[in-house]
Amino acid sequence: MMKLAQEGDLGLFSHIYTKSLGAPFVGQLNDFPQTERVIIWVGGQVARVVGLMPAANAMLILSCVLAALSFYLSARLWKINRVPAWVFAVTYAFLPHNSRSIQHLGIIFTGLLPLQFYILWYVSAAQKLSWRSRRFRLTLVVSLLSGLLNIYWIFFFLQLYVLALLFRIIKRSRDFTKALIPFAITCLSAGVFLGSFIIYRISYGDNAMAVVRSYADIEQWALKPIDLFLPKTPPPLPIVSTVLSRYYDGGMIKIGENFGSYIGLFAALGLLALLFKSSQRQISRKSISLPCLAAIWIIAYTAFGGLHSVFSLVFDFYEIRATNRYSTAIATIGLLYFVFISHKLTRKWNPTLRLFFLGVGAVCGLLEQSWSAYRTPSPPPALYEVADYVKADKALVSRLEHGLEPGSMIYILPATDFPEPFWGRGKFKGDFHHYQAMRPFLYSTKLRYSYGSNKGRQGADWQLDVQELAPRGMAATLESYGFAGILLNRKGYEDRGEQVLAELARAGWPMEFEQGVDNEWVFIRLTPEQNPVLPTPTPYALTPQN
């Protein structure tokens, strides 16, 4: 998506069409909602200056920087001294959640969470809301920015804002109507950037296959609360290692994403301290605090079989499925409270001793949170392997663009769905999984590819029909559509594509060359018809680009 923004095919408000993908049609990416398109668009503008890959890394770094700034500002607004605010802002920027990769760029932009919690507290606690108040103006700004985030975090913020409004009703505070304005601003902001998606759906009808969800997803990707406190990689402590071994090696039921839901030691200590303090308040017959109620609500809502499951069943709504992602919000509450406690305990200490204590604490927190990243081999390939693939893919595309006319169309084999090729006949094959068919496009400037248009409509699904033809019929059909070549990836076949390649060769379409890491890519040249025909008439496809 960032590449599309770089090329000008993804704007802030318009439909998303591109000539580079979805050949022979103009590829469309309007069936899958892109609420975080502002983030992607900004990344695309950066890519115009520094290149695509550096821009993607820059956006990852930016997410951490914004998280640190947000945490620091919210801590200062809560009257926490500068030193602990800065020290733990850095710790917050590198929570385990931020170990996610570029593929979750929209999800990891959670830096607004600390400021969101601050304005929620303000809305719930302030007796009067004034336009002259800097805190109320901050509330309006944060609410506006909240509408630019991924749909997960928009939905989350609106939930918690309703909770803050309920607090305000119970306390019988004034200006309730004014308190609704930030809520409306978030909805309006999100609606503006979802407008093209909504208009497209109205214009061309619903596409049920674009986002396939079911109740099973709700349970499969739910939060398991115990995971909040258990790191995936044991630290070098025998007792902890033994407990974690019992859990991970003892047949635990896996729920949620591979990234896990661990929130970090300091955030866990802060969360436990918050729950303990709130229990004391309840014993003393004092009202529960909003931070504690928010933490309880998030856990109750997101947990396996929790309130989200009930909500999904009743309303038949499954768009928000991976609720274990909300562990980041729980970590934010826990770490904010931990900083509050550290501030209270150390505010009367000698400045030098205090700085030393907080500095050591922050270093320990960073090490503890980052332990798994440095001590455990991660599932993705090592950096040097990624570099090899990047160099090989660039060389492949360079060879293709030198040997083909500008605008030539290439059919990608095996053909898979986009996005989320997890089900049905468009499911990814073998080791050629997820979005590897997008790799040539990342380095291409002159060619067009069959892959990459949203699934569920004829303008994208025709490629699955062609794939099921015998090799001779497939090649002849592709030539009639105007394709200049087939680019086959061996990883998608159990026999590395040998049977398909042999049949194509016998029918008169031999392999021209193979290239890439382990010669994974194979190119078969086709002779495109001068007057190609469309594979299917389809309303959104517009016209083929010859």
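A donor-acceptor distance shorter than 3.5 angstrom exists from the side chain of Thr186 to the backbone of Pro182, with no hydrogens or angles considered. Without hydrogens or angle criteria, Ser70 side chain to Leu66 main chain gives no donor-acceptor distance under 3.5 Å. The backbone N or O of Ile199 sits less than 3.5 Å from a side-chain atom of Ser203, completing a donor-acceptor pair. Not one N or O on the side chain of Tyr92 forms a donor-acceptor pair closer than 3.5 Å with the backbone of Gly111. No donor-acceptor pair under 3.5 Å is formed between the side chain of Gln45 and the backbone N or O of Gln6. Within the 3.5 Å criterion, the main-chain N or O of Leu52 finds no donor-acceptor partner in the side chain of Lys3. Remark: the backbone N or O of Leu149 is not paired with any side-chain donor or acceptor of Glu36 at under 3.5 angstrom. The main-chain N or O of Thr346 is never found under 3.5 Å from a side-chain atom of Lys344 such that the two would form a donor-acceptor pair. Although no hydrogens or angles enter the test, the distance criterion places no donor-acceptor pair under 3.5 Å between the side chain of Lys455 and the main chain of Phe418. No donor-acceptor pair closer than 3.5 Å links the side chain of Ser284 to the backbone N or O of Lys286.
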Taking distance alone, no hydrogens or angles, what donor-acceptor pairs closer than 3.5 Å link side-chain atoms of residues 152-164 to residues at least two apart or in another chain?
residue	atom	partner	partner atom	Å
Tyr152	OH	Arg321	N	3.1
Tyr152	OH	Ala322	N	2.9
Trp153	NE1	Ile107	O	3.1
Gln159	OE1	Trp297	NE1	3.0
Tyr161	OH	Ala179	O	2.5

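Exactly one of Leu29, Asn30, Leu4, Leu10 qualifies for a side-chain contact (heavy atoms from CB on, under 4.5 Å) with Tyr17. That residue is Asn30.
Atom CZ of Phe276 is surrounded by 12 or fewer heavy atoms from other residues, nucleotides or ligands within 6.0 Å. Atom CZ of Phe357 sits in a sparse spot, with 12 or fewer heavy atoms from other residues, nucleotides or ligands closer than 6.0 Å. Residue Tyr248 places its OH atom among more than 12 non-hydrogen atoms of other residues, nucleotides or ligands, all under 6.0 Å distant. With a 6.0 Å radius and a threshold of 12 heavy atoms from other residues, nucleotides or ligands, Lys254 has its NZ atom above the threshold. Residue Phe167 places its CZ atom among more than 12 non-hydrogen atoms of other residues, nucleotides or ligands, all under 6.0 Å distant.
One finds no salt bridge joining Arg213 and Glu319 here, because no Lys/Arg side-chain nitrogen approaches an Asp/Glu carboxylate oxygen to under 4.0 Å. By the 4.0 Å N-to-carboxylate-O rule, Arg201 lies close enough to Asp206 to be salt-bridged with it.
Scanning all heavy atoms of the two residues, the minimum distance from Leu95 to Ile263 falls at CD2-O, 3.6 Å. Nearest heavy-atom pair across Tyr72 and Ala85 is CD1-CB, 3.5 Å. Taking every heavy atom of both residues into account, Gln127 and Ser173 meet most closely at NE2-OG, 3.8 Å.
Put simply, OH on Tyr262 and OG on Ser327 are 12.0 Å apart, with the number rounded to the nearest 0.5 Å. Asn324 contributes atom CG, which lies 4.0 Å from atom OG of Ser261 (distance to the nearest 0.5 angstrom). Distance check: Met209 CE to Asp31 CG gives 11.5 Å after rounding to the nearest 0.5 Å. In this structure, CG on Asp217 lies 12.5 Å from CD1 on Ile320, to the nearest 0.5 angstrom. The CG atom of Leu62 sits 9.5 Å away from atom CD1 of Ile108, with the distance rounded to the nearest 0.5 Å. Rounded to the nearest 0.5 Å, atoms CZ (Arg325) and OG1 (Thr328) are 10.0 Å apart.
Aromatic ring centres of Phe197 and His15 lie farther apart than the 6.0 Å criterion allows.
Residues satisfying the side chain to side chain contact (heavy atoms under 4.5 Å, CB included) criterion with Ala273, sequence neighbours excluded, are Tyr337, Ile341. In this structure, the side chain to side chain contact (heavy atoms under 4.5 Å, CB included) partners of Leu272, at least two apart in sequence or on a different chain, are Phe229. The side chain to side chain contact (heavy atoms under 4.5 Å, CB included) test applied to Leu353 returns Trp349, Asn350, not counting sequence neighbours. For Phe193, the ring-ring contact (aromatic ring centres under 6.0 Å, His included) criterion is met by Phe13, not counting sequence neighbours.
Using a 4.5 Å cut-off on side-chain heavy atoms (C-beta onward), Tyr318 and Ile218 make contact. Contact of the Pro419 side chain with the Tyr435 side chain is registered, since non-hydrogen atoms from C-beta on lie closer than 4.5 Å. No side-chain heavy atom of Pro84 sits under 4.5 Å from any side-chain heavy atom of Arg347. For the pair Ser342 and Phe266, the minimum side-chain heavy-atom distance is 4.5 Å or more. Contact check for Leu442 versus Val390: no side-chain heavy atoms found under the 4.5 Å cut-off.
Aromatic ring orientation, Phe311 versus His308: parallel (interplanar angle below 30°, classes split at 30° and 60°).
The closest side-chain donor-acceptor pair between Asn207 and Tyr200, if any, does not fall under 3.5 angstrom. In this model, no donor atom of one side chain and acceptor atom of the other lie less than 3.5 Å apart for Thr18 and Glu7.
The ring-ring contact (aromatic ring centres under 6.0 Å, His included) analysis of residues 125-147, with sequence neighbours excluded, yields the pairs Trp131-Phe136.
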